[in-house]
Amino acid sequence: MQRICQSLAEAGYQVVLIGRELPHSKPLKACNYKQKRLRCFFHTGKLFYAEYNIRLFFALLFIKTTVLTAIDLDTILPNFCVSILRRKPLVYDAHEYFSELPEVVTRPAVKWAWEWVAQRTIPHTTAAYTVGHALSQIFTQRYGVPFRTVRNIALSRSALSNSVLSNSPNLLSNTRANFDKKILLYQGVLNLGRGLREMILAMHHLKNAELETAELWLAGEGDLSEELRELVVKEKLSDKVKFLGYILPDDLKKLSQQAFLGI
């Protein structure tokens, strides 16, 4: 989202990015577009989605805008309603196949609900795009509107700021020393369907001389955060697996440069 908003702002658009604030959220950094956070009483489950969509609806209803953009199915309903009420164009940005996520597809009622939302909103969007050509073909066929592709790739080096590692974990404090380790780096959400449990258990089997001192670093948090931490303790892998939590984008760039292998 930061890359998309930055690119739009540099092209001359006035952008407002709306998200939510969690208890562990890091302070927002100044950038070339506006940012707004919504605070919710609930943070997971059906009550969270209901509350967030209601708060988002009223936030969008009273904000000055020319175009509305919904990011994934969990934000499209309030955007769709406001676009109808205010007669504004609606753009849909699909970062993933939401109704086929592992945590959704195994729950028939939840899957049906999200597909119901998709079928009643996506066909009425003004424009739509997703992260890859294969998904754009699937969505175009399924929802009857043309999807374009905007790849989810990093900014070029020239576009990156020369930041310092300000609020990062101690693991990042000695960059030179970390090059002597074999760091296996996963960066992303700690959710189902990403092979995280298998990655952790695989650390038992790195026995050869080159990889026996390797460490698995997990940058991010998610639904499995607590479960995976318990697994590491149970398997006595605390010296092999490190949980870094959320990492700021500029810091993540420098962290990635230290890795022997990215997963």
Query raised in the report: Cation over ring, R142 on Y97, under 6.0 Å and within 45°?
Result: no
Query - With L206 via side-chain contact (heavy atoms from CB on, under 4.5 Å) - residues at least two apart - result: L184, M203, L211, A214
Query raised in the report: For T66 and P89, which heavy atoms make the closest approach, and how far apart are they?
Result: O-CD, 3.2 Å
Query - Co-membership, hydrophobic cluster, residues F62 and L68, 4.5 Å side-chain - result: yes
Query raised in the report: With a 4.5 Å heavy-atom cut-off, do H95 and N152 have their side chains touching?
Result: no
Query raised in the report: Near R197 CZ, under 6.0 Å, is it more than 12 heavy atoms from other residues, nucleotides or ligands?
Result: no
Query raised in the report: Do D223 side-chain atoms and N191 backbone N/O form a donor-acceptor pair below 3.5 Å?
Result: no
Query raised in the report: What's the verdict on side chain to side chain contact (heavy atoms under 4.5 Å, CB included) for K29 and D250, showing C-alpha distance, side-chain angles and the deciding distance?
Result: CA-CA 11 Å; K29 297 181 68 175; D250 287 343; 3.3 Å; yes
Query raised in the report: With ILVMFWY side chains joined below 4.5 Å, transitively, what does L17's cluster contain besides itself?
Result: M1, I4, L8, Y13, V15, Y33, V67, I71, V91, Y129, V150
Query raised in the report: Where do Q6 and E10 land on the side chain to side chain donor-acceptor pair (under 3.5 Å) test, with the steps shown first?
Result: CA-CA 6 Å; Q6 179 179 328; E10 289 175 353; 3.2 Å; yes
Report task. Tell me whether L85 is reachable from L60 by hopping between hydrophobic residues (I, L, V, M, F, W, Y) whose side-chain heavy atoms are closer than 4.5 Å. Result -> yes
Requested in this report: Side-chain contact test, heavy atoms from C-beta onward, threshold under 4.5 Å: evaluate it for Q187 versus I247 and give yes or no.
Outcome: no
Query raised in the report: Do L77 and R120 have side chains that get closer than 4.5 Å, going by heavy atoms?
Result: no
Query raised in the report: Above 12 or not: heavy atoms from other molecules or residues under 6.0 Å from CZ of R148?
Result: no
**Report entry** Gap between atom CD1 of I84 and atom CG of N79 - 0.5 Å precision
**Finding:** 11.5 Å
Report summary line: Tightest non-hydrogen contact, residues T149 and S136, listed as OG1-OG, 3.6 Å
Query raised in the report: Nearest heavy-atom pair of K36 and A59: which atoms, and what distance?
Result: CE-CB, 4.2 Å
**Report entry** Any side-chain heavy-atom pair of L255 and L244 under 4.5 Å
**Finding:** yes
Query raised in the report: Above 12 or not: heavy atoms from other molecules or residues under 6.0 Å from CZ of R37?
Result: yes
Query - Connected-component partners of V189 among ILVMFWY, side-chain separation under 4.5 Å - result: none
Query - Validation row: L73, I122 side chains within 4.5 angstrom (heavy atoms) - result: yes
Query raised in the report: Got a sec, which residues hit side-chain hydrogen bond (donor to acceptor under 3.5 Å, both in side chains) with T75, two or more places apart in sequence or on another chain?
Result: none
Requested in this report: Might you confirm whether atom CD of E96 has over 12 heavy atoms from other residues, nucleotides or ligands at distances under 6.0 Å?
Outcome: yes
Report task. Examine I153 and L252 and state if one hydrophobic cluster contains both, with Ile, Leu, Val, Met, Phe, Trp and Tyr joined whenever side-chain heavy atoms are less than 4.5 Å apart. Result -> no
Report task. For residues 53-71, pull every pair meeting salt bridge (charged side-chain N to carboxylate O under 4.0 Å, His left out), keeping only residues two or more places apart or in separate chains. Result -> E51-R55
Query - V82 vs L90 side-chain heavy atoms within contact, under 4.5 Å - result: no
**Report entry** Shortest non-hydrogen contact between S99 and E115, atoms and distance
**Finding:** OG-OE2, 2.6 Å
Query raised in the report: Going through the distances and angles, do Y92 and V145 end up as a side chain to side chain contact (heavy atoms under 4.5 Å, CB included)?
Result: CA-CA 11 Å; Y92 180 50; V145 292; over 6 Å; no
Requested in this report: State which residue, out of L216, D239, V241, L201, fulfils the side-chain contact (heavy atoms from CB on, under 4.5 Å) condition with V232.
Outcome: V241
Query raised in the report: Taking the six-membered ring for Trp, are F139 and F147 parallel (under 30°), tilted (30 to 60°) or perpendicular (over 60°)?
Result: tilted
Query raised in the report: Is the shortest heavy-atom distance from the side chain of L196 to the side chain of L190 under 4.5 Å?
Result: yes
Query - Contacts of R229 that satisfy salt bridge (Lys or Arg N to Asp or Glu O under 4.0 Å) - sequence neighbours left out - result: E221
Query raised in the report: Does L22 share a hydrophobic cluster with I18, counting links as ILVMFWY side-chain heavy atoms below 4.5 Å and allowing steps through other members?
Result: no
Query raised in the report: Can you tell if the side chain of Q2 reaches within under 4.5 Å of the side chain of P249, non-hydrogen atoms only?
Result: yes
Report summary line: Between I263 and Y186, the two heavy atoms sitting closest are O-CD1, 3.6 Å
Query raised in the report: Which of parallel (below 30°), tilted (30 to 60°) and perpendicular (above 60°) describes W114 and F98?
Result: perpendicular
Report task. Determine, using the 4.5 Å side-chain heavy-atom cutoff (strictly less than), whether F48 and F41 are members of one ILVMFWY cluster. Result -> yes
Query - A118 versus P123, closest heavy-atom pair with distance - result: O-CD, 3.4 Å
